[in-house]
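Encoded as structure tokens, the structure appears first; notes follow it.
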Amino acid sequence: MKRNLLTAFCCLLPLGYWVNAQSGISAELKTEYIPSSNYIRPEDSVKTNSKSDFKRVDLNLSIPLSVKKDQEGKVKAWSMLLSGSYAKMSHKNYETPLFPDQMLNAQVGLQHVRPLGKKWSMMMMASVGVYTDMEKISFDDVLGQGGIVFIRHFNHNLALGAGPVLTTAFGVPMVLPWIYFDWKTNGKVKFRINFPEGAEVGYQFSDAFTLKAVVNLNGMTVERNKNGESIMFGYQQITAGLRPEIKINDKLSIGVTGGSTLVRSFTESERKIKSIFKEKNIADPKFSSTFYAAVSLRWNLP
């Protein structure tokens, strides 16, 4: 059951990235590279001579449509969200094709954030997007989602939220639970845990330079046709490494990550509700650990 839910949550991950309202346009452009590593056969966990790499570019953009502040400085805002991820994989020494050569996730959404008293806030979001392996794009590749998260702000550094999210990833509209958790510290030594994004610990050497150790979780989901049936194919990865971050100015910063893949796997699910609760007899197909590199550029406009 847990492994099948990962496929749906790969669609829902962007919900966690935009909880904090921005007064201006904000964006992130990120590129990732994972060199070829061995395919581990799920039937017997044998490391084979088959290999696959992974290259991806992500773009996330938040455009404020309306931003207002109350007497306490809390923000009530409407924003348009645009996000896109394109991944390309090269495969070697496979007897039959097992994985897609390309994956595209692109979506557009609308977000509303508003305070609910002194300690609470609310975030609502609805979006529609295309999740495809680029082989044949059809209406089956179009997925919709929407949700509402109620967030309790214990202080400036700790927030916990939960709420329902509606997704069409399994063919029929289905409600799934969603959890948001954000904890961070101030000062030169910085700790942060952000679920579902990841965790980091860093040291701020100056206003312009911070060195962080990071662990990140992300993935992609595509609709594929298998034996004439529409299925969901989810890609998940957990990476860890060091990330120097350079603040070029108040609006622009760059981060470079180098490290290793801890988990890199695929999950296949039927587009039926019963597939969520169905236990699998064998493990998911995965790849051996290897090097990981990423470069990200973030900017905020007033």
Side-chain angles (χ1 to χ4, degrees), residues 1-18 28 30-34 37 39-40 42 52-60 81 83-89 91 98-107 109 125 127 129-134 141 143-145 147 165 167-170 174 176-181 194-200 214-224 231-241 257 259-271 275-276 280 283-290 292-294 296:
M1 174 180 173
K2 293 180 180 178
R3 288 176 294 180
N4 291 336
L5 281 174
L6 285 175
T7 303
F9 284 141
C10 283
C11 296
L12 304 178
L13 282 177
L15 284 173
Y17 295 155
W18 305 106
E28 179 183 24
K30 181 179 180 181
T31 59
E32 295 178 285
Y33 174 67
I34 299 175
S37 62
Y39 164 62
I40 298 176
S52 297
D53 66 358
F54 184 79
K55 300 176 285 290
R56 177 168 59 181
V57 57
D58 298 326
L59 177 61
N60 295 301
L81 307 180
S83 67
S85 297
Y86 172 76
K88 187 172 180 59
M89 300 182 68
H91 311 290
L98 298 177
F99 308 112
D101 296 326
Q102 301 178 85
M103 294 184 287
L104 174 67
N105 291 176
Q107 65 177 2
M125 200 273 279
S127 70
V130 177
Y131 301 80
T132 177
D133 60 2
M134 305 291 286
D141 299 328
L143 304 180
Q145 63 181 18
V165 175
T167 177
T168 60
F170 290 91
M174 181 176 181
L176 297 174
W178 188 254
I179 297 175
Y180 171 79
F181 177 72
N194 180 282
F195 181 84
E197 185 176 355
E200 60 186 39
V214 298
V215 177
N216 288 114
L217 165 67
N218 56 36
M220 299 182 71
T221 294
V222 297
E223 185 275 340
R224 304 191 81 193
I231 64 169
M232 297 306 297
F233 209 65
Y235 169 79
Q236 307 90 34
Q237 68 179 33
I238 301 177
T239 59
T257 306
S260 174
T261 57
L262 303 181
V263 174
R264 189 159 72 102
S265 64
F266 279 97
T267 301
E268 182 181 298
S269 300
E270 296 178 339
R271 299 192 69 179
S275 68
I276 296 180
K280 295 185 178 181
D284 292 323
K286 59 184 179 180
F287 303 90
S288 59
S289 297
T290 187
Y292 169 83
S296 63

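Position 1 is the first residue of the sequence; numbering continues from there. Keep in mind the model is a prediction, meaning the values are calculated, not measured.
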Nearest 0.5 Å, what's the CG-CG distance between L262 and L217? 10.5 Å
Measuring from N105:CG to M220:CE, what's the distance to the nearest 0.5 Å? 4.0 Å
Audit row: V215, T239, side chain to side chain contact (heavy atoms under 4.5 Å, CB included) steps and yes/no: CA-CA 6 Å; V215 177; T239 59; over 6 Å; no
Please give me the minimum heavy-atom distance between V222 and T132, naming the atom from each residue. CG1-O, 3.2 Å
How long is the span from the CD atom in E268 to the CD1 atom in I231, to the nearest 0.5 Å? 3.5 Å
Out of curiosity, S288 OG to I40 CD1, how far, rounded to the nearest 0.5 Å? 5.5 Å
Minimum-distance pair of heavy atoms, taken over all atoms of P42 and P285: CB-N, 4.1 Å
Just wondering, do Q107 and Q145 contact through their side chains at under 4.5 Å, heavy atoms? yes
Separation between CG of N216 and CG of N194, rounded to the nearest 0.5 Å: 9.5 Å
Flag the pair T167 / L143 as yes when at least one side-chain heavy-atom distance between them is below 4.5 Å, and no otherwise. no
Can you tell if the side chain of P100 reaches within under 4.5 Å of the side chain of M134, non-hydrogen atoms only? no
Interatomic distance, OH@Y235 vs CZ@R264, rounded to 0.5 Å, equals 5.0 Å
Shortest non-hydrogen contact from S260 to S289? OG-CB, 4.2 Å
Parallel under 30°, tilted from 30 to 60°, perpendicular over 60°: which one fits the rings of H91 and F99? tilted
For D53, give me all partners under side chain to side chain contact (heavy atoms under 4.5 Å, CB included), at least two apart in sequence or on another chain. S36, K55, M89, S90
Heavy-atom side-chain proximity of Y180 to E197 below 4.5 angstrom: no
Other residues, nucleotides, ligands: >12 heavy atoms within 6.0 Å of I179 CD1: no
Has the side chain of T261 got a donor or acceptor atom that lies under 3.5 Å from a matching backbone atom of V263? no
Can you list the residues that meet the side chain to side chain contact (heavy atoms under 4.5 Å, CB included) rule with A294, with sequence neighbours excluded? K30, E32, T257, Y292
Decide side-chain hydrogen bond (donor to acceptor under 3.5 Å, both in side chains) for Q237 and N218; before the verdict, give the C-alpha distance in whole Å, the side-chain angles of both, and the deciding distance to 0.1 Å. CA-CA 6 Å; Q237 68 179 33; N218 56 36; 3.1 Å; yes
As a quick check of understanding, evaluate side chain to side chain contact (heavy atoms under 4.5 Å, CB included) for Y86 and Q102, giving each step before the final call. CA-CA 7 Å; Y86 172 76; Q102 301 178 85; 2.4 Å; yes
Are L98 and Y39 close enough, and set up right, to give a side chain to side chain contact (heavy atoms under 4.5 Å, CB included), and what steps lead you there? CA-CA 10 Å; L98 298 177; Y39 164 62; 3.7 Å; yes
Once the angle between the rings of F266 and F287 is folded into 0 to 90°, is it parallel (under 30°), tilted (30 to 60°) or perpendicular (over 60°)? perpendicular
Would you mind checking if R56 and D58 are paired as a salt bridge, meaning a charged N to carboxylate O distance below 4.0 Å? yes
